[in-house]
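Small disclaimer: the values here were computed from a predicted structure and weren't measured.
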Amino acid sequence: MVALCLVGCASPDAGDVPPADSGQGVAEEEGLTPEEFDSANRACLEEAGWTLSRDEYGQLSVDLQAGQAEDYERAANQCAAQLQVDAKYLEPLDDGQREVIYVHYEENVIPCLESLGYAPAALPSLEVFVSTMDSEDAYQVISPQVYRDIAEDVAAGRWETPDDVIRGQCDVVPPDNTLQP
């Protein structure tokens with residue numbers, strides 16, 4: 001996710017973005033993983049002259065001067081149009097994939113968070129987890145309280161960003177080969 005902040009940076013030439021049919025950065029036939037897409041999209045935007053950085057929460061952002069939003073939006077759209085996430089990542093999760101996530105939380109993420117001093121809510125039964133995953137009652141391994149605790153540790157200098165815990169120490173996403181074989 002890219003957040004736009006309206007502060008200063010040099011305006012890149014909008015012509016620096018390669019055209020969508022240039023072949024630069026085009027995904028392989030099977031498409032990209034979401035992580036590969038994020039990396040390739042960032043590289044494309046940087047090649048087009050935009051400077052991306054991470055904010056204090058680990059989210060990508062770009063500083064824009066007044067009047068740059070339209071140029072940035074055009075560049076972002078052109079870069080995204082060149083890249084394709086593999087269709088398998090765009091399909092809804094089936095019950096088997098939901099079970100993979102459940103087991104990953106149970107065996108890896110929750111014990112890891114607890115070992116770092118965080119207190120995730122108790123995991124519901126597999127049946128409840130699977131049946132509520134797409135609802136507002138869905139289980140959140142990184143609940144708002146756990147996120148606040150991680151953010152407080154970031155502010156105190158324990159971590160550089162929340163992603164150091166969420167995507168690093170206790171990666172909440174199961175390995176791709178187990179979720180998307």
*asked:* Please check: side-chain N/O of Asp163 versus main-chain N/O of Ile166, any donor-acceptor pairing under 3.5 Å?
replied: no
Distance col, row Leu45:CG vs Cys79:SG, nearest 0.5 angstrom, shows 4.0 Å
Separation between CG (Asp63) and CD (Gln68), nearest 0.5 Å, reads 9.5 Å
For this session: Check for a donor-acceptor pair, side chain of Ser143 on one end and backbone N or O of Val146 on the other, with a separation under 3.5 Å.
Result: yes
Separation between CD (Glu46) and CG (Leu52), nearest 0.5 Å, reads 5.0 Å
Common cluster, Val173/Leu113, ILVMFWY with side-chain heavy-atom separation under 4.5 Å:
yes
In terms of heavy-atom contacts, Glu36 and Gly31 come closest through OE1-O, 4.5 Å
Shortest non-hydrogen pair, Met133 vs Ala138, comes out as O-CB, 3.3 Å
For Cys112 and Gln169 the tightest heavy-atom approach is SG-O, 3.2 Å
query = Would you call Val130 and Tyr102 a side-chain contact if the rule is heavy atoms closer than 4.5 Å?
reply = no
Ala121 and Ile110 have their tightest heavy-atom pair at O-CD1, 4.5 Å
Sorted by chain and residue number, the ring pair (Phe, Tyr, Trp, His ring centres under 6.0 Å) partners of Phe37 (sequence neighbours excluded) come out as none
Separation between CD (Gln65) and CG (Asp71), nearest 0.5 Å, reads 11.5 Å
For residues 121-137, the salt bridge (charged side-chain N to carboxylate O under 4.0 Å, His left out) pairs (sequence neighbours left out) are Arg98-Asp134
Does the distance from a Lys or Arg side-chain N to an Asp or Glu carboxylate O, for Glu152 and Arg148, drop under 4.0 Å?
-> no
Notebook entry, point to check: Which class fits the ring pair Tyr139 and Tyr105: parallel under 30°, tilted 30 to 60°, perpendicular over 60°?
Noted result: tilted
On a heavy-atom basis, the closest approach of Glu106 and Leu123 is CB-CD2, 3.7 Å
Taken in chain and number order and not counting sequence neighbours, the residues that satisfy salt bridge (charged side-chain N to carboxylate O under 4.0 Å, His left out) with Asp164 are none
Value for CG (Asn41) from CG (Leu83), rounded to nearest 0.5 Å, stands at 5.5 Å
Side-chain donor/acceptor of His104 to backbone N/O of Glu99, under 3.5 Å
no
CH2 of Trp159 to CD1 of Ile150, rounded to nearest 0.5 Å, is 9.0 Å
Notebook entry, point to check: Given side chains that start at C-beta, do those of Gln145 and Asp149 come closer than 4.5 Å, heavy atoms only?
Noted result: yes
Do Leu126 and Val109 belong to the same hydrophobic cluster, where Ile, Leu, Val, Met, Phe, Trp and Tyr are linked whenever their side-chain heavy atoms lie under 4.5 Å apart, directly or via other members? yes
